[in-house]
Amino acid sequence: MGAPRIGVLALQGDVREHVAALAAAGADARPVRRPAELDAVDGLVIPGGESTTISKLADIFEMREPIDKRIAAGMPVYGSCAGMIMLAAEVLDGRPDQRGFQGIGMTVRRNAFGRQVDSFEAPVRLDGVDGGPFHAVFIRAPWVERVDDGVEVLGRVTDGPAADRIVAVRQGNLLATSFHPELTGDPRLHRYFVDLVRAA
Ligand code: GLN
């Protein structure tokens, strides 16, 4: 089998960085903005950016229903930061009109760390990712306040004021992190997702 075709939802956010990180992890990566482009991929990354804007543009570009359908059909999706918010069944501190996709059974709080610090970096140990803790970059990030049964917690903040907060989860083929692995040059999380797409 060739390289898995993985799209990066290119409505808003740091699309290019994810395309580069996916390519480095062995995927055939490309931006996806139209339903026909979505049809041509086996997995999707929803990048960091601004979830309220991504939500609005998903409607304008008529991508909401196609993405919901693909998720329901089992397509692997990885959401980072704003992408995590777009994959949450429930969002706290969101805008009343923002809406996510068919998502992970979890409640996330938007801009959660903001009350302490806007942006910070911390080591996060990730279940299923070998090679030591991940150097995680958080930028006005959400955290996960609770998960349903069946949602696997992959990582938590280890110390500081936000210690124990959940920042990486997986439910079936859906993966989400509060932080931005595409900004640090560590390919392990993108490799993890590429493997997930390959296995799906
Ligand atoms: N605060 C942003 C939101 O609500 C997420 C920030 C990010 O993706 N870096 O969508």
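Note that ligands are numbered from 1 as they come in the structure, with each ligand's atoms numbered from 1 the same way. Along the sequence shown, the residues carry numbers beginning at 1. Here the structure is a predicted model, which is why all the values come from computation and not from measurement. Because only heavy atoms are used, hydrogens play no part in the values below, and waters and symmetry mates are left out as well, while side chains stay in.
A salt bridge links Arg5 with Asp42: the distance from a Lys NZ or Arg NE/NH1/NH2 to an Asp or Glu carboxylate oxygen falls below 4.0 Å. For Arg33 and Glu37, the salt-bridge test fails: no basic side-chain N is under 4.0 Å from an acidic carboxylate O. One finds no salt bridge joining Asp127 and Arg125 here, because no Lys/Arg side-chain nitrogen approaches an Asp/Glu carboxylate oxygen to under 4.0 Å. Using a 4.0 Å cut-off between charged nitrogen and carboxylate oxygen, Asp93 and Arg109 count as a salt-bridge pair.
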Short N or O contacts of ligand 1 with protein, under 3.5 Å, listed by atom name?
residue	atom	partner	partner atom	Å
ligand 1	1 (N)	Asn111	OD1	2.6
ligand 1	1 (N)	Arg140	O	3.0
ligand 1	4 (O)	Ser51	OG	3.2
ligand 1	4 (O)	Arg110	NE	2.6
ligand 1	8 (O)	Gly49	N	2.9
ligand 1	8 (O)	Gly49	O	3.2
ligand 1	8 (O)	Ala82	N	3.0
ligand 1	9 (N)	Ile139	O	3.0
ligand 1	9 (N)	His180	NE2	3.0
ligand 1	10 (O)	Ser51	N	2.5
ligand 1	10 (O)	Ser51	OG	2.8

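Side-chain atoms of Arg146 and Thr107 form a donor-acceptor pair, as typed in the model, at a separation below 3.5 Å.
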Run the side-chain donor-acceptor check on residues 128-137: report pairs under 3.5 Å with partners two or more places apart or on a different chain.
residue	atom	partner	partner atom	Å
His135	NE2	Glu121	OE1	2.6

